[in-house]
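So the structure is just underneath, and the comments pick up after that.
Sequence lines set the chain letters: A, B, ... in the order given, protein chains first and strands last, and positions in each chain run from 1.
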There are 2 protein chains.
Amino acid sequence: MNEKFFALSKEKQNRIINAGYRVFSKNSYKKSPMNEIAFEADISKSLLFFYFKNKKEFYLFLMKTAEETTMKYLLDSGCYQETDIFEMMYKGLEAKIKLMRQYPDMSNFALKAYYEDDDEVKNELRKIIAPYSKLSTNKSLPPLDPSLYKDGLDLRLMYQDMYLASEGYMYNMQQTGKVDVDKVLKDYRQLINFWKTLYLK
Amino acid sequence: MNEKFFALSKEKQNRIINAGYRVFSKNSYKKSPMNEIAFEADISKSLLFFYFKNKKEFYLFLMKTAEETTMKYLLDSGCYQETDIFEMMYKGLEAKIKLMRQYPDMSNFALKAYYEDDDEVKNELRKIIAPYSKLSTNKSLPPLDPSLYKDGLDLRLMYQDMYLASEGYMYNMQQTGKVDVDKVLKDYRQLINFWKTLYLK
DNA sequence: TGCTTGTTGACCGATTCGGTTAATACTGAT
DNA sequence: ATCAGTATTAACCGAATCGGTCAACAAGCA
């Protein structure tokens, strides 16, 4: 790729990146046209090909950027240092929401890319995804101190409940399209407090 | 459309319908090619155009079929007659899962169609969607008898928790792609029993 | 053998695609 | 005003794909 891309204003860089995320998140790799991306970024197709030598390079660049950005946001959120599981979940969702505010289609793009199997990109795509995929999964139950929770409580089911509800939260938010950061966070905070009264001693 | 379509074996009808759901659920209307649909249904493109006069007609037929089928499954499930909210949620999800087993991409198709805005189909699409969209939404809290639940419990938050977790359930299931009916239902039953011990007196 | 019905391959004109290139607009120093 | 260098684009290209048609083929059956 042309290093001059990084000399562009951050605003213009992000406009191009977000246009890429949006188009690639709505269609498969093959059916995402570069001219559509250029149009959404409000630049000409020629300019897009000036900064990125071809479609494949641009696509892989987006994937790499998406992962680096996600990691950065999650690390900065402090959710990994958190020992209180409720605060951990809150900080995790908070980071995801902040991310969505700046890059609204990034997570959908990454999700779609994860299942992309076009011959032109799949091999190199896997290579980019591999080192990150082992991190960041919240699916499994973290170690918990049972003495903190109500007696007889099934901690596995408790965690499953909270994990699924968080997923449902993100899902609903993306469907409706609007990312009202403050309201969503307030609602989620309320739900977490509800869980605390329910689960904690 | 050609009425002879309905004279086909149910298996062949469903093969064509499912191929349509799959392709249209993965791309926008405009970017869903009829030859791709024909290929996935294992028939020739010519035959597809023999049963449906053009792409638009086929697409709208799929939408109408999707809604009728969904309504049928939901009504048959008995979830609307159920007064126990836990059983109601279970039966609702049970119906959705049975539906997914026979038409794996139908719900994704319907979701995508809901936001489709291609000029060629959007007007007639809205007309088909409108009468159904007021039904079937579980987002709002149904009337509940507070005396059944633990004192001081916030019923709104309880319902929100369960609703979001159910959404997360469906979401996770569709992402992973596999629809292991029995396992999913067993897991969900377990989660519901967990909620019962948590919420009921 | 013929007749009907189900099904297809080959084709058409229009459009779209990724990518190139020559020309234009812009900028800042002289 | 000029000019050099850079940022940006319109116009173009060959190849592929699209929705849709149609004449021909296959299959059953009288």
Side-chain angles (χ1 to χ4, degrees), chain A residues 1-17 19-20 22-63 113 116 118-122 124-125, chain B residues 1-17 19-20 22-63 113 116 118-122 124-125:
Chain A
M1 67 177 293
N2 191 330
E3 295 300 321
K4 285 180 185 170
F5 174 77
F6 300 108
L8 260 41
S9 71
K10 268 271 173 279
E11 186 270 336
K12 197 162 188 173
Q13 285 183 44
N14 280 346
R15 233 170 50 217
I16 294 172
I17 288 174
R22 191 155 58 245
V23 173
F24 280 120
S25 72
K26 284 191 172 123
N27 318 289
S28 65
Y29 170 76
K30 203 178 25 175
K31 293 184 180 168
S32 297
M34 291 292 269
N35 58 8
E36 200 172 308
I37 293 167
F39 178 80
E40 295 221 22
D42 209 29
I43 61 171
S44 68
K45 185 175 64 161
S46 324
L47 191 55
L48 191 54
F49 275 102
F50 173 69
Y51 289 122
F52 303 92
K53 100 168 193 280
N54 55 32
K55 183 173 168 177
K56 178 177 173 181
E57 186 189 86
F58 180 54
Y59 182 73
L60 295 175
F61 163 78
L62 285 182
M63 188 69 229
E116 179 65 60
D118 191 300
D119 284 331
E120 195 178 335
V121 291
K122 73 173 167 194
E124 290 168 70
L125 198 53
Chain B
M1 66 178 295
N2 190 330
E3 295 299 322
K4 285 180 185 171
F5 174 76
F6 299 108
L8 259 42
S9 70
K10 268 269 172 282
E11 187 270 335
K12 196 162 188 174
Q13 285 184 44
N14 280 346
R15 232 170 52 215
I16 294 172
I17 289 174
R22 190 155 58 246
V23 173
F24 280 121
S25 71
K26 284 190 171 124
N27 318 289
S28 66
Y29 171 76
K30 206 184 11 183
K31 293 183 180 169
S32 297
M34 290 293 267
N35 58 10
E36 200 172 308
I37 294 168
F39 178 78
E40 296 222 20
D42 209 30
I43 60 171
S44 68
K45 185 175 64 161
S46 324
L47 191 55
L48 191 54
F49 275 103
F50 173 69
Y51 290 122
F52 303 92
K53 100 169 194 280
N54 54 34
K55 182 173 167 177
K56 178 178 174 182
E57 187 188 85
F58 180 55
Y59 182 74
L60 295 175
F61 163 78
L62 285 182
M63 188 70 230
E116 178 64 61
D118 191 299
D119 284 331
E120 194 178 335
V121 291
K122 74 173 167 196
E124 291 168 69
L125 198 53

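- Atom CZ in B:Phe39 sits about 16 Å away from atom C1' in D:dT17, given to the nearest Å.
- Atom CG in A:Asn27 sits about 13 Å away from atom P in D:dC18, given to the nearest Å.
- In this structure, B:Glu36 does not pair ionically with B:Lys26, as no charged nitrogen and carboxylate oxygen lie closer than 4.0 Å.
- To the nearest angstrom, P of D:dG19 lies 15 Å from CZ of B:Phe52.
- On a pure distance criterion of 3.5 Å, a polar donor-acceptor pair joins the side chain of A:Ser46 and the base of D:dA10.
- In this structure, the CG atom of A:Asp42 is 15 Å from the C1' atom of D:dA7, given to the nearest Å.
- In this structure a side-chain-to-backbone donor-acceptor pair under 3.5 Å is present from A:Lys55 to A:Ser32.
- Distance alone, capped at 3.5 Å, places no donor-acceptor pair between the A:Lys31 side chain and the B:Asn27 backbone.
- Residues passing the ring pair (Phe, Tyr, Trp, His ring centres under 6.0 Å) test with B:Tyr59, sequence neighbours excluded: B:Phe24, B:Tyr29, B:Phe109.
- At D:dT8, one or more side-chain N or O atoms of A:Tyr51 fall inside 4.0 Å of OP1 or OP2 (strictly under the cut-off).
- Atom CG of B:Leu47 and atom P of D:dC25 are 18 Å apart (whole Å).
- In this structure, A:Lys31 places its NZ atom 6 Å from P of D:dC18, rounding to the nearest Å.
- Chain A approaches DNA chain C over the interval C:dC17 to C:dT21, counting the first and last nucleotide 5' to 3' with an atom under 4.0 Å from its heavy atoms.
- The side chain of B:Asn35 contributes no N or O atom lying less than 4.0 Å from OP1 or OP2 of D:dT17.
- In this structure a side-chain-to-backbone donor-acceptor pair under 3.5 Å is missing from B:Glu40 to B:Ala19.
- Nearest heavy atoms, A:Phe6 versus A:Phe61: CZ-CE1, 4.1 Å.
- At the heavy-atom level, A:Lys45 lies under 4.0 Å from base atoms of the strands shown.
- Sequence order on DNA chain C of the closest nucleotides to A:Phe49 and B:Phe50 puts B:Phe50 first from the 5' end.
- Straight-line distance from the CG atom of A:Leu48 to the C1' atom of D:dT8: 12 Å, rounded to whole Å.
- If you measure from atom CG of B:Asn54 to atom C1' of D:dT21, you get 13 Å, rounded to the nearest angstrom.
- Residue-level contact check: A:Lys12 touches the backbone only, with heavy atoms under 4.0 Å from sugar-phosphate atoms and none from bases.
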